[in-house]
Amino acid sequence: MGFGDYPKEYNPSVHGRYDPSVYYGPKDTAFGDVKLSDLGSWLSRRKYSPPAITAAISRAWWRWQMKYVQPKRTGMAPLYHLLIGAMTFSYAINYKRIKNHRHRKYH
Amino acid sequence: MSRFMIHKGQLTAFSYFRPQMFSTNLLVTKKSIRPEYPSPVRHGFVPEKWCTVFYPKTGVTGPYIFATGLSAYLLSKEIYVIDHDFYNGVSLIILFIVLHKKYGADFAKFLDKHIDAYENNLESSKKDKIKEFQELIEHEKKEQWRTEGQKMIIDIKKDNINLQLEAAYRARLSSVYEAVKGRLDYQVQLQKIERKLAQKYMVQWIVENVKKAFTPEQEKIVLSRSISDLQKLVSEI
């Protein structure tokens, strides 16, 4: 699988039109349905290779887009999401500096 | 904000893509579905699902309790530090809320109008194209029907040519007949003339020979005999 290729599991004759937000591989239990005791084995079944991680992030990005950005009559939510994300990110990278402004020494 | 409240009831966005859709019903998968309304959110940005996930355990106040607890934790441990920027943030949030409440609905209406116009434009151009192609198909069918007529015309033309060929054949036949008849007539005339001439010369020859054979006495006898015959005839009259 090179750059710009479809995932190996995607088969147009079976799956129809390609949806970039869908994982076409074998299905596992959804993360929300996993019992805490099964979490270890569930995590061990995931793939952690760089391409797999990239694909997962790409799918998540598309899923978010299809939910909030692409709908015909979408609202301000996606912009607020990006804003909050940017704020959190900038807070995190500046945390070392911000920490000096604490009012109390002990919490 | 009111927009998001209206959209909350719409569950269509949730059913947008489910992996099982792709394996169970191929017909559905052939169409990619672009939802009309976004996934419902609370307070403008919090996904509805993040709130409803608390309901089975905590009831409807769960998400708010969680948010309050989390912020209390972050503030008390000073993970989130109330520094000078915090007040900037608060004023900005107030500004956003006011703008959202005051102009959100009108702006949404304005954008909806435009997106509807855009979509209607696309839709009408699509319909026009379909109509155009349907007319082309009709035209093509009519042309095919006309070509059927051409077949009939070709048949008629063939008949016509056959008739012409027949006429030419007959004309030639008759001309041959005329030519042969003329030649035969000529032969007949020739034979008649030849026979006439032969007869004429035969008679002349016979008369000459007979005249030659006559002696003067015989001539006299015949003359006198003829004169007496004439006299007899005269007397009889």
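Chain letters run A, B, ... following the sequence lines, proteins first, then strands; residues in each count from 1.
The aromatic rings of A:Tyr91 and B:Tyr80 lie parallel to each other, with less than 30° between the two planes, well short of the 60° mark.
Atom CZ of A:Arg102 is separated from atom NZ of B:Lys77 by 10.0 Å, given to the nearest 0.5 angstrom.
Other residues, nucleotides and ligands place no more than 12 heavy atoms under 6.0 Å from the OH atom of B:Tyr118. Annotation: A:Leu36, atom CG; neighbour count of heavy atoms from other residues, nucleotides and ligands within 6.0 Å does not exceed 12. Atom OH of B:Tyr73 is surrounded by 12 or fewer heavy atoms from other residues, nucleotides or ligands within 6.0 Å. Environment of OH in A:Tyr48: crowded, with over 12 heavy atoms of neighbouring residues, nucleotides or ligands closer than 6.0 Å.
Across all non-hydrogen atoms, the minimal contact from B:Tyr37 to A:Pro71 is C-CB, 3.6 Å. The nearest pair of heavy atoms linking B:Phe45 to A:Ala77 is CA-CB, 4.4 Å. Minimum heavy-atom separation, B:Pro38 to A:Gly75: CG-N, 3.9 Å. Contact detail for A:Lys72 and B:Arg34: the closest heavy-atom pair is CA-NH2, 3.6 Å.
A distance-only check finds no donor-acceptor pair linking the side chain of B:Glu78 to the backbone of A:His107 [under 3.5 Å].
The part of A:Ile84 that comes within reach of chain B is its side chain, from C-beta onward, which places non-hydrogen atoms under 4.5 angstrom from that chain. The parts of B:Ile82 that come within reach of chain A are both its backbone and its side chain, each placing non-hydrogen atoms under 4.5 angstrom from that chain.
The shortest distance between side-chain heavy atoms of A:His101 and B:Phe86 does not fall below 4.5 Å. The closest side-chain heavy-atom distance from B:Phe96 to A:Leu83 is below 4.5 Å.
Of the listed residues (B:Val81, B:Ile115, B:Asp85, B:Val46), the one with the most heavy-atom contacts under 4.5 Å to chain A is B:Val81.
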Going through the distances and angles, do B:Val41 and A:Tyr80 end up as a side-chain contact (heavy atoms from CB on, under 4.5 Å)?
-> CA-CA 11 Å; B:Val41 286; A:Tyr80 291 154; over 6 Å; no
